[in-house]
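Following: one structure in structure tokens, then a few remarks.
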Amino acid sequence: MWRISTFLTLLIFLQACKHPLLIVGEGDIVDLNAGGFGCTLEVFSADVTACENDVRGDYFVNYAGVPNTGWRFSHWDGWCGPLSVDENCRIDVNASAVASWDEKHSDIPIPALTAVFSPIKNTTHDVVIVGAGSAGLYAAKTLHEFGYDVLIIEAAQRIGGRVKSRTLGDVRVDLGAEEHYMAAGENPVWPAVRQKYGDSIYALAYQGLDVYSMDDGRSTCWTSSTALHPCSVDSDVTAVGAFWQWYWKPGQHQDSASSLAEDVLHKYGVGFGHRAYHLYDAGFAGGSYATNLDKLGARSLALQSNEWDLSEQIRVLADKELGYADVLENIWWNDVVANNDLLLNNPVVSIDTRGDDVIVVDAAGDMHAARQVIVTVSLGVLQAEMIDFIPDLPSSTVAAYNAIGIDKGMKVPMRFSAPWWETESGKMAWLVTEGVAGACWPPSNYKLNATSHILMCYPMGENSVALNNIAVAAGGGVAGDAAITNAILKDLDNTFPQAPGQATETYLEGFVQNWGADPYTLGVYSYPKVDTFKSRADNKRRDLQAPIAENRVFLAGEASNITHSATVVGALHEGERAANDVHVVNGNPNNPPDLPGY
């Protein structure tokens, strides 16, 4: 028995002589010790006071919340002892403690012990799509057009995946995908957006001069002959131009085991610690592939680059009140949500194909049956094995997703009271720093009639890891985001010799979108590692497209696209491919399996 002194703080959870029991939902509170306590739903529904449970002497009970059919036990509201587990609530109070409380505190009302039950929401559909990013939503759009009954399950509280827009000042900034490709490569976005908004919706991106921080900012150069430090007189900067005409040629990268960092060192003599290494690392690997130079497979990248079939030119949205997420919702996603069932804030924990059909189980324990499932989660989620596939995925599939890269990364838009970075006679288009900011650009340049001055920074790979460590050390959350922003501002303060300290001085507000720390992305977008890509017919992206579990499980996303991975268009095309594959093997819309559990 516990001593009375031990209970004086705990007995506030008990009403002397009476301990009311309440039931929310449908189920019974059962006394496993058969001591006469407990409460049935039938009795509780008839008369709440019948479940007051008169306590006399020792109060030793082990309650269990037993749900009715179609319901599950959720949790207890009220105090349960330290030996309580899950649906069991153990209370162990000796008679002297009860008497002492009755004597000293009998006039204090005590909250009841409540068993909370929630309804089981098992469902059945033709097809379940896991993930409501671009691939998942476009797959749902395609299947709906075929006539299928579709359920989309999304772990986050919103749709869109790594396409996300938010307002900063008077400008909609894109915290995920931002660049739009033109008509090549059967890009469905280009014509749909222009049809909806007109040709004037698009503008040229990265308008102005390029800027490269050099020598800890002392000799930061601009691509202008009249600049304080013209880039044209810095041979280490001008050499990068040759790199851009070299990296994508397979004949220049014969060793399939070599990283691009190794090839750059061999070709140009630029290695880690060189004064211009950041131009290749943050400027190219970070700016284009969201990783570091030493993680890119040199030959894989060259071979993959030669398969690229989207336009080489890009456009951005000129309307300051529209982001990428906004236009996709308007042209497609609003209809997709209206025409299909959608569960948000609902992580999937397992996908079971041992029976004739597929059973998808979510974090609440609900089961969703389907003939087929399309899994469109990010490569980072696949690599983390956050979903339990039963039985295990084929070794070829696991090898495929582990052989493709995805790295940590952030987008950090910041609003300033003035465009302090415009220290030369012209606007800035693109900046590469030597520190954690990585690559930055001012999206407010191409947003028509914008009055806000916004700089978007793009710390990827090791820069992002360093910033995330700073955030963790600051305690995470709002304080962590502030620490990230301050570290970037400090980098920018030292980047422009004519504007020392001006980033911090003029900073107003900003956001941190930390994709690498987001539990439902765990990375930015895919990139080719060593041996990711050997040819169009032999590459890990194609392997990731292979159907699983006798054509019942299909994977789709930007990472499985062969000719334009790491793009929204690639994700859309993969969602469409998987939906078409499902239609080929199913071909019988509105024929879902039986409801699971009944």
Worksheet item: Taking only residues two or more places apart in sequence or in another chain, which ones pass side chain to side chain donor-acceptor pair (under 3.5 Å) with Arg299?
Response: none

Worksheet entry | Asp174 to Ser165 - nearest heavy-atom pair and separation | OD1-OG, 2.6 Å

Discussion item. Could you check, using the six-membered ring where one of them is a Trp, whether Tyr138 and Trp332 have ring centers closer than 6.0 angstrom?
Written reply: yes

Worksheet item: Is there a side-chain contact between His229 and Thr220 (heavy atoms, below 4.5 Å)?
Response: no

Worksheet entry | Exercise: identify the closest heavy-atom pair between Asn445 and Gln207 | ND2-O, 3.4 Å

Discussion item. Apply salt bridge (Lys or Arg N to Asp or Glu O under 4.0 Å) to residues Lys295 and Glu462 and explain how you reach the verdict.
Written reply: CA-CA 11 Å; Lys295 297 175 185 176; Glu462 293 305 315; 3.3 Å; yes

Discussion item. Applying salt bridge (charged side-chain N to carboxylate O under 4.0 Å, His left out), can you list everything that pairs with Glu576, at least two apart in sequence or on another chain?
Written reply: none

Worksheet item: Closest approach of Leu293 and Asp281, non-hydrogen atoms and distance?
Response: N-OD1, 2.8 Å

Discussion item. I need the minimum non-hydrogen distance between Tyr289 and Tyr527, along with the two atoms involved.
Written reply: O-CB, 3.8 Å

Worksheet entry | Donor-acceptor contact below 3.5 Å, side chain Glu179 vs main chain Ile314 | no

Worksheet item: With Asn402, which residues qualify under side chain to side chain donor-acceptor pair (under 3.5 Å), at least two apart?
Response: none

Discussion item. Closer than 3.5 angstrom, by distance alone: can the side chain of Asn334 be matched with the main-chain N or O of Glu329 as a donor-acceptor pair?
Written reply: yes

Item to complete: Check Val163 against Arg158 and note the closest heavy-atom contact, atom names and distance.
Response: O-NH1, 3.4 Å

Discussion item. What verdict does the side chain to side chain contact (heavy atoms under 4.5 Å, CB included) test give for Leu279 and Met214, after you've listed the backbone C-alpha separation in whole Å, the side-chain angles of each residue and the deciding distance to 0.1 Å?
Written reply: CA-CA 9 Å; Leu279 303 181; Met214 302 297 293; 4.1 Å; yes

Worksheet item: Given Glu574 and Ser560, is the side chain to side chain donor-acceptor pair (under 3.5 Å) satisfied, shown in steps?
Response: CA-CA 7 Å; Glu574 284 302 287; Ser560 61; 2.6 Å; yes

Worksheet item: Under the side chain to side chain contact (heavy atoms under 4.5 Å, CB included) criterion, do Gln157 and Leu344 qualify, and how do the steps go?
Response: CA-CA 5 Å; Gln157 296 180 352; Leu344 294 175; 5.6 Å; no

Worksheet, complete the sentence: By salt bridge (charged side-chain N to carboxylate O under 4.0 Å, His left out), Arg315 pairs with (sequence neighbours left out) none

Fill in: Main-chain N/O of Asn463 paired to Lys408 side chain as donor or acceptor, under 3.5 Å
no

Practice prompt. Report the relative orientation of the aromatic rings in Tyr206 and Trp430; use parallel for angles under 30°, tilted for 30 to 60°, perpendicular for over 60°.
Written response: perpendicular

Discussion item. So Thr495 and Trp421, do their side chains get closer than 4.5 Å, heavy atoms only?
Written reply: no

Worksheet item: Are side-chain heavy atoms of Pro443 and Met456 found at a separation under 4.5 Å?
Response: yes

Worksheet, complete the sentence: Applied to residues 224-288, the disulfide bond (SG atoms under 2.5 Å apart) test, sequence neighbours excluded, yields Cys221-Cys231

Item to complete: Report yes if the side chains of Met410 and Trp515 come closer than 4.5 Å at any heavy-atom pair, otherwise no.
Response: no

Worksheet item: What disulfide bond (SG atoms under 2.5 Å apart) pairs are there with at least one residue in residues 158-200, not counting sequence neighbours?
Response: none

Worksheet item: What disulfide bond (SG atoms under 2.5 Å apart) pairs are there with at least one residue in residues 431-540, not counting sequence neighbours?
Response: Cys440-Cys457

Practice prompt. Begin with the C-alpha distance, continue with both residues' side-chain angles, and end with the deciding distance and a verdict on side chain to side chain donor-acceptor pair (under 3.5 Å) for Ser396 and Asp543.
Written response: CA-CA 7 Å; Ser396 58; Asp543 292 347; over 6 Å; no

Fill in: Residues in salt bridge (charged side-chain N to carboxylate O under 4.0 Å, His left out) contact with Asp234, at least two apart in sequence or another chain
Arg275

Practice prompt. May I ask you to test the Lys196-Val327 pair for a side-chain heavy-atom distance under 4.5 Å?
Written response: no

Worksheet entry | Candidate pair Lys427 and Tyr446, rule side chain to side chain contact (heavy atoms under 4.5 Å, CB included), full reasoning | CA-CA 11 Å; Lys427 290 186 175 182; Tyr446 46 75; over 6 Å; no

Discussion item. Test side chain to side chain contact (heavy atoms under 4.5 Å, CB included) on Glu178 and Tyr458; report intermediate values, then the result.
Written reply: CA-CA 12 Å; Glu178 183 170 351; Tyr458 203 63; over 6 Å; no

Worksheet item: Side-chain contact, heavy-atom cut-off 4.5 Å: Val211 with Phe496?
Response: yes

Worksheet, complete the sentence: When rounded to the nearest 0.5 Å, the distance separating CG of Leu555 from CG of Leu544 is 5.0 Å

Worksheet item: Does Ala437 offer a backbone N or O that forms a donor-acceptor pair with the side chain of Asp491 under 3.5 Å?
Response: yes

Worksheet item: Do any pairs count as a disulfide bond (SG atoms under 2.5 Å apart) and have a residue in residues 242-319, sequence neighbours left out, and if so which ones?
Response: none

Worksheet entry | Qualifying side chain to side chain donor-acceptor pair (under 3.5 Å) pairs, either residue in residues 180-193, two or more places apart | His180-Tyr202

Worksheet entry | Identified side-chain contact (heavy atoms from CB on, under 4.5 Å) partner of Thr167 from the options Glu321, Arg172, Lys320 | Arg172

Worksheet, complete the sentence: Only residue of Phe243, Tyr247, Trp244, Tyr212 satisfying ring-ring contact (aromatic ring centres under 6.0 Å, His included) with Tyr280 is Phe243

Worksheet item: Going by distance alone, is a donor N or O of one side chain under 3.5 Å from an acceptor N or O of the other, for Thr504 and Asp493?
Response: yes

Worksheet item: Checking side chain to side chain donor-acceptor pair (under 3.5 Å) for the pair Gln513/Arg166: CA distance, chi angles, key distance, verdict?
Response: CA-CA 10 Å; Gln513 180 60 51; Arg166 186 173 174 183; over 6 Å; no

Discussion item. Can you list everything that forms a side chain to side chain donor-acceptor pair (under 3.5 Å) with Asn449? Sequence neighbours excluded, please.
Written reply: none

Worksheet item: Any side-chain heavy atom of Asp216 sitting closer than 4.5 Å to one from Glu434?
Response: yes

Worksheet item: Quick one: does Ser258's side chain have a donor or acceptor within less than 3.5 Å of a partner on Asp255's backbone?
Response: no

Discussion item. Distance to the ring centre below 6.0 angstrom and angle to the axis at most 45 degrees; does that hold for Arg162 and Tyr525?
Written reply: no

Practice prompt. Start with the C-alpha distance between Ser526 and Glu558, add both sets of side-chain angles, then the distance that settles side chain to side chain donor-acceptor pair (under 3.5 Å), and finish with yes or no.
Written response: CA-CA 7 Å; Ser526 68; Glu558 58 84 9; 2.7 Å; yes

Name every donor-acceptor pair, under 3.5 Å, that has one atom in a side chain of residues 476-489 and the other anywhere in the protein, sequence neighbours excluded.
| unit_1 | atom_1 | unit_2 | atom_2 | d |
| --- | --- | --- | --- | --- |
| Thr485 | OG1 | Asp481 | O | 3.1 |
| Asn486 | ND2 | Ala482 | O | 3.2 |

Response to the item:
Of all heavy-atom pairs linking Ala571 and Ser134, the shortest is CB-CB, 3.9 Å

Fill in: Side chain to side chain, His274 and Asp236, heavy atoms closer than 4.5 Å
yes

Discussion item. Keeping Thr291 on the side-chain end and Gly461 on the backbone end, is there a donor-acceptor pair under 3.5 Å?
Written reply: no

